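Shown next, in structure tokens, is the structure this report addresses.
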Amino acid sequence: MHIATAFLLASVFFVFAGSSEYTQEAVAVHAMDKPNDHALFDRVVENQKKNDAAMDLYERLERVEIHKVNGENQSTEVKVSRVVPAGTGAAHLPVGPDGKVADQNAYRAELEKLEKALVWAAETGRTQRDAYEKIAKKRRERDDLIGAARTAFLFTLIGTEQRDGHVLLKYRMDPNPAFRPTSRATAIYPRVRGTVWIDEVSGELARIEGEVIEDISLGLFLARVYRGSRFMQERYEMVPGLWLPSFSQYDFDGRKFLSSFSLHERTFYSNYRRVGTPKEALELVRAELKEMRPGGVASR
């Protein structure tokens, strides 16, 4: 349940830039200073689409720290993996805390599974076409969310900040009282607010923070995410021309059925490298498998 919740909330915040609505305060105070705000937001939208598409072409190292509380049960888990796009999904190859292979047998087994997945993804049969159509449908649904966000939020420019020599424009985003949701996903829009930072020169999303301001019901009211739950993400130019996630954090509290839950998750992203399409990635994986020897170490 928390995965679906996180996806929906993340979608809300990631598509914010499609909005072209501003509060009267923002228009009145900043019209002379920022006459091209609408053009800036259009750039952010296009950049977000480009960056999202790049996640299907770039591998990365992910460190995920999860702390869960379900009723009286608590658990903490840390997973470090090399995430490799595989056409209609992604493989998570197990590595140690330092990003190096800790268990060669387990790593090789997952690498061989990835090879098979890439062989399948690189083919052009009916099954593959159906699978890719499902992916395309999800992307169209995301575009619909972007379209809905054009009227879902009101933005107020509240200042500028410096980060690593870049000027970031800071906007407050508030629900637009005139917005009428048209789907389960867009119904979340009126229940969140946030702050976004945009790189002034590149028109890239640099940071986003969001907060649930009204309880969100899920699964025919069988679950609920409570007011005060939060989400944030930071993005940097991880490779030339692409601003990709460097850090994300979820802090959700709520209930499922009659039990309360609390989810705190942090993800660190690094070591981005282009692996390309499934056909291109397959060549890299096969080369890596070839270089591995029994009793040796992977060539990474």
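Predicted model, so just to flag it, every value in this text is computed and none were measured.
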Contacts of Tyr226 that satisfy ring-ring contact (aromatic ring centres under 6.0 Å, His included) - sequence neighbours left out: none

What residues, two or more places apart in sequence or in another chain, satisfy side-chain hydrogen bond (donor to acceptor under 3.5 Å, both in side chains) together with Arg60? Glu62

Quick test of your reading of the model: are Arg108 and Glu110 salt-bridged, counting only N-O distances below 4.0 Å? no

Rounded distance (nearest 0.5 Å) linking atom CE of Met55 with atom NZ of Lys50: 14.0 Å

Partners of His264 by ring-ring contact (aromatic ring centres under 6.0 Å, His included), sequence neighbours excluded? none

Hey, what do you get for CG (Leu114) to NE2 (His92), rounding to the nearest 0.5 Å? 11.5 Å

If you count the non-hydrogen atoms of other residues, nucleotides and ligands that lie under 6.0 Å from NZ in Lys279, is the total more than 12? no

When you check the side-chain N and O atoms of Arg235 and Gln233, is any donor under 3.5 Å from an acceptor? yes

Among residues at least two apart in sequence or on other chains, which ones pass side-chain hydrogen bond (donor to acceptor under 3.5 Å, both in side chains) with Gln249? Asp251

Kindly write out the residues that satisfy side-chain hydrogen bond (donor to acceptor under 3.5 Å, both in side chains) with Ser75, not counting sequence neighbours, or none if the list is empty. none

Please lay out, stage by stage, how Tyr269 and Ser248 fare under the test side chain to side chain contact (heavy atoms under 4.5 Å, CB included). CA-CA 8 Å; Tyr269 308 82; Ser248 295; 3.6 Å; yes

Ion pair Arg191/Glu211, N-O distance below 4.0 Å: no

Any chance CZ of Arg126 has more than 12 other-residue heavy atoms, nucleotides or ligands included, within less than 6.0 Å? no

Sequence neighbours left out, what passes side chain to side chain contact (heavy atoms under 4.5 Å, CB included) with Glu46? Give chain and number order. Lys49

Do Asn47 and Leu205 touch side chain to side chain, with heavy atoms closer than 4.5 Å? no

Nearest non-hydrogen partners of Ala131 and Thr88, listed with the distance: CB-CG2, 3.8 Å

Treating Ile, Leu, Val, Met, Phe, Trp and Tyr as nodes and any side-chain heavy-atom pair under 4.5 angstrom as an edge, say whether Val78 and Val83 lie in one connected cluster. no

When rounded to the nearest 0.5 angstrom, what distance separates CZ in Arg207 from CD in Glu234? 4.5 Å

Residue list, salt bridge (Lys or Arg N to Asp or Glu O under 4.0 Å) with Asp103, at least two apart or on another chain: none

On a heavy-atom basis, the closest approach of Arg274 and Leu284 is O-CD1, 4.4 Å

Nearest-0.5 Å distance that lies between atom OG in Ser183 and atom CD1 in Ile188: 9.0 Å

Calculate, to the nearest 0.5 Å, the distance between atoms NZ and OG1 belonging to Lys170 and Thr195 respectively. 6.0 Å

Test of understanding: clusters of I, L, V, M, F, W, Y form through side-chain heavy atoms closer than 4.5 Å, transitively. Do Phe268 and Leu242 belong to the same one? no

Pair listing, salt bridge (charged side-chain N to carboxylate O under 4.0 Å, His left out) test, anchored in residues 114-123, at least two apart: Glu115-Arg286

Nearest non-hydrogen partners of Arg172 and Asp174, listed with the distance: NE-OD2, 2.8 Å

Ignoring hydrogens and geometry beyond distance, is a side-chain donor-acceptor pair present between Asp130 and Thr127 at under 3.5 Å? no

Are a donor atom and an acceptor atom from the side chains of Tyr107 and Glu288 found within less than 3.5 Å of each other? yes

Mind checking whether Val201 and Val167 have side chains closer than 4.5 Å, heavy atoms only? no

Sort out for me which residue in Ile158, Val196, Thr160 forms a side chain to side chain contact (heavy atoms under 4.5 Å, CB included) with Leu169. Thr160

Give, for atom CH2 of Trp197 and atom CD1 of Ile208, the distance between the pair rounded to the nearest 0.5 Å. 9.0 Å

Go through the structure and list residues passing ring-ring contact (aromatic ring centres under 6.0 Å, His included) with Tyr132, not counting sequence neighbours. none

Which atoms form the tightest heavy-atom contact between Ala122 and Pro278, and what is the distance? N-CB, 4.1 Å

Is there side-chain contact between Thr76 and Gln74, with heavy atoms separated by less than 4.5 Å? no

Report whether Tyr58 and Val84 are members of the same hydrophobic cluster (ILVMFWY, side-chain heavy atoms less than 4.5 Å apart, transitive linking). no

Looking only at heavy atoms, which two atoms of Thr277 and Glu280 are closest? And how far apart? N-OE1, 2.7 Å

Are Ile213 and Val192 side-chain neighbours, meaning at least one heavy-atom pair lies under 4.5 Å? no

Mind checking what makes side-chain hydrogen bond (donor to acceptor under 3.5 Å, both in side chains) contact with Arg63, not counting sequence neighbours? Glu65

Quick check: do Trp243 and Asp199 have side-chain heavy atoms less than 4.5 Å from each other? yes

Does the side chain of Ser229 pick up a donor-acceptor pair with the side chain of Asp253 at under 3.5 Å? no

Going by the angle between their ring planes, with limits at 30° and 60°, are Phe231 and Tyr250 parallel, tilted or perpendicular? tilted

For Asn271 and Glu59, test the side chains for any donor-to-acceptor distance below 3.5 angstrom and give the result as yes or no. no

So, using ring-ring contact (aromatic ring centres under 6.0 Å, His included) as the criterion, who are the partners of Phe179 when residues are at least two apart? Tyr189

Heavy atoms only: give me the nearest Tyr236-Ser246 pair and the separation to one decimal. CD1-OG, 3.3 Å

Should the heavy atoms of other residues, nucleotides or ligands under 6.0 Å from CZ of Arg227 be counted, would the total exceed 12? no

Is the shortest heavy-atom distance from the side chain of Tyr272 to the side chain of Val239 under 4.5 Å? yes

What pairs with Lys134 under side chain to side chain contact (heavy atoms under 4.5 Å, CB included), at least two apart in sequence or on another chain? none

Group every Ile, Leu, Val, Met, Phe, Trp and Tyr by side-chain heavy-atom contacts under 4.5 Å, then state whether Val64 and Phe247 land in the same group. no

Evaluation steps, side chain to side chain contact (heavy atoms under 4.5 Å, CB included), between Val212 and Arg230: CA-CA 6 Å; Val212 175; Arg230 293 178 177 274; over 6 Å; no

